[in-house]
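Scroll down for the structure; my scribbles are underneath it.
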Amino acid sequence: MLRALAPASIRPPFARYSHGIAIPAGHRLVVTSGQLGISSDETIPAECEQQADLCFANIAAILAEDGMTLANVVRLNAYVTAREHMQGYMRSRDRHFQGVPPASTLVIVSGFTRPEFFLEIEAVAAAVEPA
């Protein structure tokens, strides 16, 4: 379904993501709000990688509401509060996206609503329209 766009005329991605993703005609989209690393029981892990795992679990739950999975994700926007959190985020992202990697942006920001949050992740997913 998804096709990575990787022009030979530009530098390859810095990490495991795609420069672009082509979405064929006849697909519907789901756009998530940014997800924080907090569980339904209000637990917030002390490590960025575990917070990222929770963010991806939350995104997966949102996508499941529309019959999609993380395999449908075509774009990720991630925001971390410091460079030292980038590697934990990327390890989690790479575990969750084994197929064609989504297009992705990673930005360092000054903070979130609570200081214990290290990152926020939002996603765009695409799936074939039901017949």
Side-chain angles (χ1 to χ4, degrees):
M1 168 183 100
L2 303 179
R3 183 171 52 91
L5 304 176
S9 62
I10 64 176
R11 186 194 183 286
F14 283 102
R16 194 173 178 285
Y17 62 88
S18 297
H19 278 307
I21 296 291
I23 302 170
H27 283 65
R28 68 184 193 283
L29 297 177
V30 169
V31 179
T32 73
S33 293
Q35 297 299 303
L36 296 165
I38 186 168
S39 65
S40 59
D41 69 359
E42 303 291 320
T43 302
I44 301 170
E47 299 296 323
C48 182
E49 188 168 348
Q50 287 71 40
Q51 285 189 23
D53 288 340
L54 270 175
C55 291
F56 287 124
N58 292 345
I59 290 168
I62 294 164
L63 296 176
E65 290 285 305
D66 196 49
M68 295 189 201
T69 70
L70 290 178
N72 296 102
V73 172
V74 297
R75 172 116 182 106
L76 292 171
N77 291 325
Y79 310 91
V80 296
T81 56
R83 279 186 173 79
E84 63 261 20
H85 300 309
M86 291 170 54
Q87 291 302 317
Y89 160 72
M90 288 189 292
R91 281 191 301 271
S92 178
R93 178 199 62 200
D94 293 351
R95 271 196 318 278
H96 288 91
F97 298 93
Q98 298 293 309
V100 174
S104 183
T105 297
L106 177 58
V107 178
I108 298 171
V109 298
S110 63
F112 299 108
T113 55
R114 291 169 44 184
E116 57 266 42
F117 292 126
F118 299 134
L119 81 160
E120 185 169 334
I121 305 170
E122 55 191 30
V124 176
V128 176
E129 282 286 351

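Computed from a prediction, not measured in an experiment: that's the story for all the values here. As a basis for the values below, the full set of heavy atoms in this structure was taken, side chains included, without hydrogen atoms, waters or symmetry mates.
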Quiz item: Is there a donor-acceptor pair closer than 3.5 Å between any side-chain N or O of His19 and the backbone N or O of Arg11?
Solution: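 Between the backbone of Arg11 and the side chain of His19 there is a qualifying donor-acceptor contact (under 3.5 Å).
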Quiz prompt | Flag, side chain of Gln50 to backbone of Pro45, donor-acceptor distance under 3.5 Å | solution =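 Not a single qualifying donor-acceptor pair exists.
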For residues [X] and [Y], report the shortest heavy-atom separation together with the two atoms involved.
{"X": "Leu36", "Y": "Leu119", "result": "CD2-O, 3.5 Å"}
{"X": "Ala103", "Y": "Gly20", "result": "CB-CA, 4.4 Å"}
{"X": "Leu63", "Y": "Ala125", "result": "CD2-CB, 3.6 Å"}
{"X": "Val74", "Y": "Ala126", "result": "CG1-CB, 4.0 Å"}
{"X": "Val100", "Y": "Ser18", "result": "CG1-OG, 4.1 Å"}

In Å and rounded to the nearest 0.5 Å, what is the [atom1] to [atom2] distance from [X] to [Y]?
{"X": "Gln98", "Y": "Arg95", "atom1": "CD", "atom2": "CZ", "value": "9.5 Å"}
{"X": "Leu106", "Y": "Leu76", "atom1": "CG", "atom2": "CG", "value": "10.0 Å"}
{"X": "Ile121", "Y": "Ser92", "atom1": "CD1", "atom2": "OG", "value": "6.0 Å"}
{"X": "Asp66", "Y": "Arg28", "atom1": "CG", "atom2": "CZ", "value": "4.0 Å"}
{"X": "Asn58", "Y": "Asp53", "atom1": "CG", "atom2": "CG", "value": "11.0 Å"}
{"X": "Thr81", "Y": "Ile108", "atom1": "OG1", "atom2": "CD1", "value": "9.0 Å"}

Give the cluster check for [X] versus [Y]: same hydrophobic cluster or not, with ILVMFWY residues linked at side-chain heavy-atom distances below 4.5 Å.
{"X": "Val30", "Y": "Ile59", "value": "yes"}
{"X": "Phe117", "Y": "Val107", "value": "yes"}
{"X": "Ile21", "Y": "Val124", "value": "yes"}
{"X": "Ile62", "Y": "Val73", "value": "no"}

Exercise. Verify whether the ring centers belonging to Phe97 and Phe56 lie closer than 6.0 Å.
Key: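 Centroid distance Phe97-Phe56: below 6.0 Å, so yes.
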Exercise. Identify which one of Gln87, Arg91, His85, Arg93 satisfies the side chain to side chain contact (heavy atoms under 4.5 Å, CB included) criterion when paired with Tyr89.
Key: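 It is Arg93, the one option of Gln87, Arg91, His85, Arg93 that forms the side chain to side chain contact (heavy atoms under 4.5 Å, CB included) with Tyr89.
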Practice problem: Only pairs at least two apart or in different chains count here, so list each side chain to side chain donor-acceptor pair (under 3.5 Å) that has a residue in residues 102-127. | Solution: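 Residue pairs passing side chain to side chain donor-acceptor pair (under 3.5 Å), neighbours aside: Arg75-Thr105, Asn77-Glu122, Tyr79-Glu122, Arg114-Glu116.
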Quiz item: Around Glu84, counting heavy atoms of other residues, nucleotides and ligands shown, do more than 12 lie under 6.0 Å from its CD?
Solution: yes
Quiz prompt | Within 6.0 Å of CZ in Arg83, more than 12 heavy atoms from elsewhere | solution = no
Quiz item: Side-chain contact, heavy-atom cut-off 4.5 Å: Leu29 with Ile23?
Solution: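 Heavy-atom side-chain distance check passes, below 4.5 Å.
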